[in-house]
Amino acid sequence: MALSDIMLDRRQVIGLGFATAAGLGIAGCSTNDAASTDSMPTDASSQTGAIDASAFDALLAAGAVADDASVSASSWAKRIKDAGSFRLGGVQTSTLFAQLDETDGKLRGFDAGLAQLLVRYILGDESKYDFTQVTSSTRESVLQNDQVDAVFATYSITDDRKKAISFAGPYYTSQQGILVAASNSDINSVDDLADKNVAVQSGSTGPQIVAELAPKAVTQEFTTDEEARTALEQGRVDAYVIDVTMQLSSIAKNPGKYRLAGEAFGPTDAYGIGLPLDSDGVAFVNAWLKAIEDDGTWGKLWKVCIGDRTAVASVPKPPAIGA
């Protein structure tokens, strides 16, 4: 059954979305690996989508700490340790990947957890970071201008971006999703975007993918996710295209307001960790990333940040590092 045929409560829609996306490339799963929608709970009151903050914090506190020799072997890591603080570029409004909890000032989610685990690995304390807010349009510039040491922001690895910066990873994969108003019955696949007004986010991979797969769509570029969704809510655009992971976060925060129109589409986006161009930090971060995948930390973080909040029981296999 297509996602466009179903109106789901908060937990169901995320669970089905991730199960569908897993079958299409998220985290390297095959269709047979995707969670069955038959097992999804139907009681919206049983799940709010909130992260288990205690479990998240405990996982970070148990993270590994590098020995001095490992840090000293990387000029990128040594610089961070000598400075005593990690300059982190990221976002604070991604429900599943990096959400600021205003009650305690802590940033939680899958990207946020990975970032803070890396901070702990280098500095011995996951709280020793200075945060810089980034957008799709500023992620390269903050690295090029030496404003941050790394960017964690569901950052798709592309050949063009690799000319300006370097990437560690990938650590996750996704595809594009089409977000429409819940009342919209006209758009049910990428083919239906022809002659429609479609919001895309500048600096993301969406504009190019829509141009290739829906060449008759009339695209409008927006700087932020919020601006694009506002245009959709106000009826200034008919649909909004960006990574399906971001769309699922929007649906989770606004049950009943939006729906995903059809299946995820387009090439698989591999999420990487942005680093300065030609930095030896790539090897350092890749070695750390492989270690947390091998020891189960990656899977535990995925479960706390995504699996437990989406009713997807099976932890996916992470993509091959360096692929």
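Residues take their numbers from the sequence shown, with the count starting at 1. These numbers come from a predicted model, not from an experiment.
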Would you please say whether a donor-acceptor pair under 3.5 Å links the side chains of [X] and [Y]?
{"X": "T268", "Y": "Q175", "value": "no"}
{"X": "D160", "Y": "T158", "value": "no"}
{"X": "S85", "Y": "D130", "value": "yes"}
{"X": "D111", "Y": "T154", "value": "no"}
{"X": "R229", "Y": "S250", "value": "yes"}
{"X": "D67", "Y": "S70", "value": "yes"}
{"X": "S174", "Y": "D243", "value": "no"}

Flag the pair [X] / [Y] as yes when their ring centroid distance falls below 6.0 Å, and as no otherwise.
{"X": "Y271", "Y": "F167", "value": "no"}
{"X": "Y172", "Y": "F97", "value": "yes"}
{"X": "Y258", "Y": "Y240", "value": "no"}

Who passes side chain to side chain contact (heavy atoms under 4.5 Å, CB included) against E212, sequence neighbours left out?
Q208
Partners passing side-chain hydrogen bond (donor to acceptor under 3.5 Å, both in side chains) against K300 (at least two apart in sequence or in another chain):
none
Does any non-hydrogen side-chain atom of L123 lie less than 4.5 Å from one of Y129?
no
Hey, does P316 have a side-chain heavy atom less than 4.5 Å from the side chain of W302?
yes
Given the rule that I, L, V, M, F, W and Y join up when any side-chain heavy atoms are under 4.5 Å apart, are I80 and L117 in one cluster?
yes
N/O donor-acceptor pair under 3.5 Å between D192 side chain and N188 backbone
yes
So does [X] have more than 12 non-hydrogen atoms from other groups sitting under 6.0 Å from [atom1]?
{"X": "Q234", "atom1": "CD", "answer": "yes"}
{"X": "K81", "atom1": "NZ", "answer": "yes"}
{"X": "E226", "atom1": "CD", "answer": "no"}

To the nearest 0.5 Å, what is the distance between CD on E293 and CD1 on I321?
4.0 Å
For K196 and D186, run salt bridge (Lys or Arg N to Asp or Glu O under 4.0 Å): C-alpha distance rounded to whole Å, both residues' side-chain angles, the deciding distance at 0.1 Å, then the answer.
CA-CA 10 Å; K196 298 293 195 299; D186 296 331; 5.7 Å; no
Derivation of the side chain to side chain contact (heavy atoms under 4.5 Å, CB included) call for V237 and V198:
CA-CA 6 Å; V237 297; V198 180; over 6 Å; no
Would Y121 and F284 count as a ring pair (Phe, Tyr, Trp, His ring centres under 6.0 Å) if you check the C-alpha gap in whole Å, the side-chain angles of each, and the deciding distance to 0.1 Å?
CA-CA 11 Å; Y121 187 66; F284 181 90; 5.7 Å; yes
Where do T297 and D295 land on the side chain to side chain donor-acceptor pair (under 3.5 Å) test, with the steps shown first?
CA-CA 6 Å; T297 301; D295 71 13; 2.7 Å; yes
Ring pair (Phe, Tyr, Trp, His ring centres under 6.0 Å) between F110 and W298, intermediate numbers included
CA-CA 9 Å; F110 192 69; W298 186 97; 5.5 Å; yes
Given L100, D101, V91, the one that forms side chain to side chain contact (heavy atoms under 4.5 Å, CB included) with L107:
L100
